[in-house]
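Written below as structure tokens is the structure these notes are about.
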Amino acid sequence: MSQAVKPPSLWTNMRELPANVWHSLFRNPLPSDDLQRSSTSFTNFFLHIHPVKVNKNTLRPIYTMGLGLMSFFLFLILVVTGVLLMFYYVPSTTQAYDRMLDLRGTVAFGIFLRNMHRWSAHGMVGVVVLHMCRVFFTGSYKKPREFNWVIGVILFLLTLFSSFTGYLLPWDQLAFWAITVGTSIAAYAPVVGKDIQFLMLGDATVGQEALLRFYVLHVAVLPVIVTLLVAIHFWRIRKDGGLSRPEETATPVAVSVKAVELKKNKTYGLQGFVRGPFTKIGNTPDNSVFAWPNLLIAELFVFILTLAAILTLSMMFNAPLEEPVNVMHPPNPAKAPWYFLGLQEMVSYSAFWGGVGIPTIFVLLLLATPYLDRRTAGVGKWFARERLLANTIFMTFLIVNVVFVIIGTFFRGPNWEFVSPWK
Amino acid sequence: MAGNPKFAHNKDAAGEPGMNRRRMLAWFSGFGLFGSAILSAFSNLVFIKPRATYGQPQRFNIGKPEEFPSGTRMALDTRRVCVVREGDKIAAISTTCTHLGCIVSVADTGFACPCHGSRYDQDGNVTGGPAPKALPWYKVSLAPNGELEIDKDTEVEPGSYLNV
Ligand code: HEM
Ligand code: FES
């Protein structure tokens with residue numbers, strides 16, 4: 001600026017104020033060409049988690065079924081409703097149950113928020129499992145995505161543990177006995193079992209200490225770890241070159257790149273040094289489309305769908321609340337939440353094998369999966385013929401689990417004896 | 001870069017004595033940092049493990065022996081023990097199911113668990129269901145004030161009674 005520009009008059013300044021504020025907030029106009037589309041994804045804090053372009057395969061609804069995203073959105077709903085519930089909840093054995101009643105009776109929208117929180121929690125467990133199945137059946141854990149699978153398995157366990165810790169908080173009969181049974185299962189682990197149980201409960205039995213501990217884990221420790229791991233999960237998806245997809249058959253032709261984008265003697269930015277696969281920018285005919293608006297619309301769609309489902313469920317069904325805790329009288333049968341009923345069913349045969357041995361082996365197998373199965377054929381396709389063996393093994397595990405859950409849920413009555421649900 | 005004294009120094013020290021000292025310092029600080037990380041992780045564990053618990057005491061008095069006439073099998077649910085008296089012999093059997101910690105109820109045949117159907121005989125031996133081991137017996141003693149004292153931290157052989 002060699003010549004001083006005359007400052008605008010006060011009047012002009014005021015007139016332009018809203019526009020100025022707006023443009024300082026959103027530095028890009030609504031994109032109308034490709035350059036603007038890229039720069040919008042690039043310069044916005046919330047959007048820059050996306051690549052500028054995504055492969056078309058990523059957007060095929062039947063490929064991912066949006067299940068990973070759904071898990072994420074359910075987690076968001078859980079955080080928001082959970083923080084709201086925290087304004088009224090007190091983690092005390094004498095008050096917790098009354099607070100639950102207050103949520104029902106006196107707090108505006110209290111019961112609705114509790115419903116949303118409860119149904120999202122159940123939903124998240126289910127959706128995360130389905131997401132894991134999707135990743136398995138499409139062979140998406142193969143190189144270079146091995147470690148992201150491992151992070152996924154940890155996220156799955158954390159999701160279960162979050163549900164488990166949350167289950168105790170209402171301090172009703174269901175909560176108390178489910179946690180009594182659950183923590184006793186932990187005590188069956190060899191050597192450290194008793195110590196783990198004592199550390200979790202802070203006492204010999206479930207009581208005030210346990211309630212406080214579970215509360216802290218549930219509202220602070222676990223969500224923070226999950227948030228961190230989800231961030232790494234997403235970061236890795238970017239660094240692994242986006243989602244898995246079948247190998248592209250047509251080799252991309254050499255193309256002339258727009259002059260503005262690649263000048264001779266350009267000083268290279270960080271992008272120039274990035275190694276390995278990353279989504280290409282530029283006008284290469286590589287089967288990719290711009291993230292804005294294609295990916296964004298897809299994400300918005302999944303979000304609306306998830307939220308709508310949770311809102312509907314919360315309007316139709318109320319989260320259960322049983323009698324207040326009675327340490328003397330366990331309900332009969334005392335059942336864990338549904339996703340642990342497979343475990344509980346196995347525990348009824350052998351406490352060690354059902355509760356500790358088999359689950360540990362199962363988790364170790366899951367963690368080791370990408371390091372055991374390293375063939376690269378059949379990635380990016382549902383139920384690829386090349387992966388028949390791996391898919392069959394996984395499917396078998398899955399079905400056995402589901403059958404156990406169903407038996408535990410519907411076919412077990414008082415004293416855990418076999419009952420027929422049709423009687 | 002060429003004028004960087006550090007760089008020049010390294011080049012001079014062809015026998016690498018400086019490099020060794022550096023290396024050693026790096027190792028030491030590495031060990032130090034790593035060690036402190038482990039130590040602090042460990043002390044967090046120690047912190048989390050309560051020294052005193054606020055719940056039910058493990059050792060408590062239940063009353064004079066006369067309050068439990070011969071033939072008594074009285075479950076003290078809050079204490080999770082069953083007081084048994086046969087003639088002059090008194091014992092305390094745990095009522096916490098050894099399967100997964102539900103409270104067993106006193107039945108004609110012994111004890112029965114409502115959670116997964118474990119059954120025990122009069123002495124607490126498993127007679128059915130998933131329970132892996134017998135109900136433990138706890139030490140019963142006579143406190144100086146003449147009351148019976150049960151110590152749940154001390155298990156005794158099944159069949160060992162206190163004579164009153
Ligand atoms: C808190 C739970 C989780 C969240 C929020 C989450 C989120 C996501 C999202 C948004 C994606 C993008 C693709 C999609 O929507 O399917 C994804 C991909 C992926 N997830 Fe998860 N996920 C979770 C748990 C898991 C679990 C349990 C596993 C497996 C054990 C896993 C393994 C993977 C892998 C390997 C990919 C890359 C898939 C590909 O490249 O095709 N994630 N995750
Ligand atoms: S807790 Fe008694 S049978 Fe399982």
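Naming convention: chains lettered A, B, ... in sequence-line order (proteins, then strands); numbering from 1 in each chain. The structure displayed is predicted, hence computed values, not measured ones.
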Next item on the list: Side chain from CB out, backbone as N, CA, C, O: work out which of these in B:C113 comes under 4.5 Å of a heavy atom of chain A, or both, or neither.
Entry: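 The backbone, not the side chain.
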Check: Within a reach of under 6.0 Å around CZ of A:F198, are more than 12 heavy atoms found that belong to other residues, nucleotides or ligands?
Finding: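 Check passes, neighbour count above 12.
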Taking atom types as modelled, which donor-acceptor pairs link chain A and chain B at under 3.5 angstrom?
{"unit_1": "A:S184", "atom_1": "OG", "unit_2": "B:L100", "atom_2": "O", "d": "2.7"}
{"unit_1": "A:Y188", "atom_1": "OH", "unit_2": "B:T98", "atom_2": "O", "d": "2.6"}
{"unit_1": "A:Y188", "atom_1": "OH", "unit_2": "B:H99", "atom_2": "O", "d": "2.9"}
{"unit_1": "A:D203", "atom_1": "OD2", "unit_2": "B:G55", "atom_2": "N", "d": "3.2"}
{"unit_1": "A:R213", "atom_1": "NH1", "unit_2": "B:I48", "atom_2": "O", "d": "3.0"}
{"unit_1": "A:R213", "atom_1": "NH2", "unit_2": "B:I48", "atom_2": "O", "d": "2.7"}
{"unit_1": "A:N332", "atom_1": "ND2", "unit_2": "B:P114", "atom_2": "O", "d": "3.3"}
{"unit_1": "A:Q344", "atom_1": "NE2", "unit_2": "B:H116", "atom_2": "NE2", "d": "3.0"}
{"unit_1": "A:V347", "atom_1": "O", "unit_2": "B:H99", "atom_2": "NE2", "d": "3.2"}
{"unit_1": "A:N415", "atom_1": "O", "unit_2": "B:G117", "atom_2": "N", "d": "3.3"}

Check: Who pairs with A:N401 by side chain to side chain donor-acceptor pair (under 3.5 Å), at least two apart in sequence or on another chain?
Finding: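 Testing A:N401 for side chain to side chain donor-acceptor pair (under 3.5 Å), a comparison that skips the adjacent residues, returns none.
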Next item on the list: For each of A:G202, A:G355, A:A204, tally heavy-atom pairs with chain B at distances under 4.5 Å, and name the one with the top tally.
Entry: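 Heavy-atom pairs under 4.5 Å are most numerous for A:G202.
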Checklist line | Contact class of A:V347 relative to chain B, heavy atoms under 4.5 angstrom | finding: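 When you check distances to chain B, atoms from both the backbone and side chain of A:V347 fall under 4.5 Å.
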